[in-house]
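One structure is given here, and the rest of the page talks about it.
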Protein chains: 2
Amino acid sequence: MFPDILKRLRKNKQKTQKEMAEFLGITRQAYGHYENGSRQPDLSTIEKLADFFEVTTDYLIKGKERNVTDTDLSDDEKKMLAFFKNPELNLFFKEMAQSKEEQLEEMRQIWEIIKKRGLTK
Amino acid sequence: MFPDILKRLRKNKQKTQKEMAEFLGITRQAYGHYENGSRQPDLSTIEKLADFFEVTTDYLIKGKERNVTDTDLSDDEKKMLAFFKNPELNLFFKEMAQSKEEQLEEMRQIWEIIKKRGLTK
DNA sequence: CATTATACGAAACATAATGTTTCTGTCAAT
DNA sequence: ATTGACAGAAACATTATGTTTCGTATAATG
């Protein structure tokens, strides 16, 4: 699946294997291996390719776009959404959703403590 | 970046390295290499891991969140959805949604403190 | 306290993968 | 016909991964 997509993306960008290889810092043949599926690039190369072609790594690897819609939500996620919509909690979580990552990390740590205490006492 | 994310996702799912290794059909040490960054899994393994943790390969590889493109939700809801769709926060909020009211109250109070501190420092 | 089990990390080796070199073929352009 | 650009395939060299083995830390158990 991956090989054909790669080839198509390259053709669309009007690039030769040689050019792609130079961009990646490998030989033309090595890049050619990717396109005919005989070899697989490592993760850093995947990233470079995804960036170059401006696609997600998901698309390169699986060949599928991942548009997340509300119908894609799991039951747990739906439950959480309902929970978050609770008017009494709304402000609290709305604020958290907009907070900095460091503050969230603190919350996570504190939560661990509260959880443990709740079990033992 | 990839190794830490993998470890956190596993911990969130309460799995051991051994269990993950069995799931992938490799030894525990081989999987351990992924988490400490000394080895990188191939693409098919990446896919298996992404499926297992229910995240995109983009998130596993680059550590970026999924794109939320919902059209039926309000801006606030979209923000919250994007926020708690962050795979690493999943367990955290799942637990909170099921926790006792007293514990939530504590969280709210602590949150106030963290908020204020964030403003002043 | 000693012991057993669980979970994890690290070194060294065997194995499997990739990257390169070399050769071959195709297709335009001249 | 011939040259040059482009790309596929085989075989080897190189690099990576996966396994085995050993060691450490922690928690539970007698």
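Labels below follow one simple rule: chain letters A, B, ... track the order of the sequence lines, proteins then strands, and each chain is numbered from 1. Just so it is clear, the values below take in all heavy atoms, side chains as well, and ignore hydrogens, waters and symmetry mates.
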Just the rounded figure in Å: distance from C1' of D:dA16 to CG of B:Leu43.
14 Å
Is the shortest side-chain heavy-atom distance between A:Thr56 and B:Lys62 below 4.5 Å?
no
Contact between B:Leu60 and B:Leu9 at the side-chain level, heavy atoms closer than 4.5 Å - yes or no?
yes
Is there a side-chain contact between A:Met20 and A:Gln17 (heavy atoms, below 4.5 Å)?
no
With sequence neighbours left out, write down each residue that passes side chain to side chain contact (heavy atoms under 4.5 Å, CB included) with A:Lys13, or none if nothing qualifies.
A:Lys15, A:Phe52, A:Phe53, A:Glu54
With the side chain counted from C-beta on, respond yes when B:Thr57 and B:Leu43 share a heavy-atom pair under 4.5 Å apart, and no when they do not.
no
Mark yes or no for whether B:Glu22, through its side chain, and B:Glu19, through its backbone, hold a donor-acceptor pair below 3.5 Å.
no
Check each of B:Arg28, B:Glu35, B:His33 against B:Tyr31 using the side-chain contact (heavy atoms from CB on, under 4.5 Å) test, and report the only one that passes.
B:Glu35
Heavy-atom check, side chain of B:Val55 versus side chain of B:Ile5, under 4.5 Å:
no
Once you round it to whole Å, what is the distance between C1' of D:dG8 and CE of A:Met20?
18 Å
Let me have a per-nucleotide readout for nucleotides 5-20 of chain C, 5' to 3', with B, S or -, counting only protein heavy atoms under 4.0 Å.
--SBBB-------BBB
For DNA chain D, which ranges pair as stems of 3 or more consecutive Watson-Crick or G-U pairs, with both donor-acceptor distances under 3.5 Å?
C:1-30 with D:1-30
